[in-house]
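Everything below concerns the one structure shown next.
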Amino acid sequence: MRCMDIRKVVQVLEQTAREILTLLQSVHQPSGFKEIPSKCQKARELFCTVRTHLGELKTKFPVDQYYRFHEHWRFVLQRLAFLAAFVVYLESESLVTREEVAQILGIEVVREKGFHLDVEDYLAGVLIMASELSRLAVNSVTAGDYSRPLRISNFINELDSGFRLLNLKNDPLRKRYDGLKYDVKKIEEVVYDLSIRGLSKELEAGGDK
Amino acid sequence: MSARGEGYPRRMKTSQKTDDRDTGANLTSPVMAAFKVFQQELDTKHDKHERLVKLSRDITIESKRTIFLLHRVTSVPDVEEVLTEADLKLDGVRLNIRMIAEELRGEDLHQFHRAFTPGIQEYVEAVSFHHFIRHRTLISLEEINTKLVFVKEPEDTPEGQQPMGTPQVLTFQVTPTDYLLGVADLTGELMRMCISSVGNGDMDTPFQVSMFLRQIHDGFSYIGNTGPYEVSKKLHTLRQSLSKVEDACYTLKVRGSEIPKHMLADVFSSRTAMMDQDEGMA
């Protein structure tokens with residue numbers, strides 16, 4: 001049955017996703033901070049494997065029935081979107097676009113063109129990254145980096161503003177978005193802790209930001 | 001991060017307000033521009049979903065009314081009149097299905113399936129009930145889908161010009177799962193029909209319905225748990241319906257000859273009352 005074939009490929013994808021995550025999680029370690037560029041490089045290499053597997057997944061079902069089987073790979077695709085967003089953030093401290101994620105994964109953006117990245121899966125991946133960044137803000141301070149949390153704070157606040165533009169229904173994406181405010185709060189607490197101790201020079205120099 | 005004192009939350013809110021104003025004003029940043037696009041995309045998708053839900057509801061209501069109408073065949077002399085009226089109602093339902101097909105043009109219908117599946121199942125129930133009353137057989141999925149092929153005539157053109165384009169064909173195809181679920185619900189209506197036909201002194205319909213229902217039940221049993229989850233769930237209710245029908249036929253067979261026809265209604269109305277009580281408890 002088709003489901004079995006699909007499930008087999010999805011399991012392999014999940015394994016690769018776990019490998020990328022293990023690789024990237026190490027940036028939370030104090031020693032990991034210096035190795036960020038090389039880890040991103042390694043992660044990009046692992047994404048090659050992901051592209052191959054997604055290419056294989058495409059062949060397991062008729063091209064116009066994406067949403068019939070979507071539930072099978074929704075979880076892993078959101079994970080992969082998160083990992084792509086995280087890599088891009090670590091490299092350039094910017095928000096990866098949907099097009100870029102699709103490129104990294106070797107899939108389309110537009111449904112009519114083939115196996116694509118649904119906008120909601122992209123957004124879910126971005127929200128997962130937000131949680132990762134709030135954790136990174138905390139660990140940056142522990143590792144002695146007092147400026148990164150400020151940059152993360154600005155980034156997350158802009159992300160939050162972006163999400164506020166969306167008219168979300170009462171669905172899983174909405175529930176995941178509801179978690180963003182805790183990430184925002186956590187990062188603000190870190191920034192506050194740094195500012196009252198005069199630990200962050202940018203804050204003093206830049207005024208109210 | 002340890003717990004903070006009273007003054008802490010107030011301070012946080014002030015700095016947060018400043019940040020909100022700053023980032024809120026920056027609507028031209030790439031991030032905000034991207035989210036504006038996401039907003040439009042999601043709104044479009046949600047709007048379509050809502051339109052399909054409304055159509056599905058209208059289909060459900062009209063299909064249910066058709067089924068109520070069709071139940072009258074057991075108590076009116078002119079069956080053909082009821083069937084014709086029901087045909088007209090079903091034509092109306094098909095217009096709504098056509099609108100669903102228009103909405104789904106160019107879309108992946110599985111993305112919106114949850115929106116319209118209730119209405120479609122109700123339609124299958126109504127149309128298969130109609131078919132059974134007339135032909136005493138089960139309508140096939142192919143027969144249902146044949147009636148859901150819509151032809152769009154070319155647009156009217158100004159005088160003197162050639163009509164543009166060829167007639168467009170638009171189809172809505174009921175999925176096998178929706179067909180099965182509709183037929184499963186049909187068995188409940190058949191059970192009611194059986195009981196009410198006995199009450200009217202009809203000695204043939206109950207046995208015909210019983211045989212038919214048994215065949216449908218056997219078909220579902222064969223599928224068992226290998227089909228979609230929703231189908232397995234219906235099997236339980238199906239068995240109950242079949243059991244009621246078989247009991248009614250038994251009663252008719254054993255005691256039917258003893259009881260004058262005009263009293264048959266009473267025998268079965270009391271039995272039906274007992275059964276309905278059971279139904280309420282289940």
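The structure displayed is predicted, hence computed values, not measured ones. In what follows, chains are A, B, ... by sequence order, proteins preceding strands, each numbered from 1.
- Around atom CG of Asn225(B), no more than 12 heavy atoms belonging to other residues, nucleotides or ligands sit under 6.0 Å away.
- Taking the side chain as every heavy atom from C-beta outward, Lys169(A) and Glu50(B) approach each other to under 4.5 Å.
- Atom CZ of Arg68(A) is separated from atom CG of Asp108(B) by 10.5 Å, given to the nearest 0.5 angstrom.
- Counted within 6.0 Å of NZ on Lys181(A), heavy atoms from surrounding residues, nucleotides or ligands total more than 12; the atom is thus considered enclosed.
- When heavy atoms are compared at a cutoff of 4.5 Å, Phe163(A) approaches chain B by way of both its backbone and its side chain.
- A 4.5 Å side-chain heavy-atom check between Asp118(A) and Gln111(B) finds at least one atom pair inside the cut-off.
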Query raised in the report: Is there a side chain to side chain contact (heavy atoms under 4.5 Å, CB included) between Phe38(B) and Val126(A) once you walk through the steps?
Result: CA-CA 13 Å; Phe38(B) 301 148; Val126(A) 168; over 6 Å; no
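- Rounding to the nearest 0.5 Å places CD of Glu41(B) at 9.0 Å from CG of Leu123(A).
- Residue Asn167(A) touches chain B through both its backbone and its side chain, counting heavy-atom pairs closer than 4.5 Å.
- Of the listed residues (Tyr66(A), Phe69(A), Tyr122(A)), the one with the most heavy-atom contacts under 4.5 Å to chain B is Tyr122(A).
- If you measure heavy-atom distances from Glu107(B) to chain A, the contacts under 4.5 Å come from both the backbone and the side chain.
- Residues Glu158(A) and Ser29(B) approach most closely at OE2-OG, 2.5 Å, considering heavy atoms.
- Arg111(A) CZ: more than 12 foreign heavy atoms inside a 6.0 Å radius.
- Atom CZ of Arg51(A) sits in a crowded spot, with more than 12 heavy atoms from other residues, nucleotides or ligands closer than 6.0 Å.
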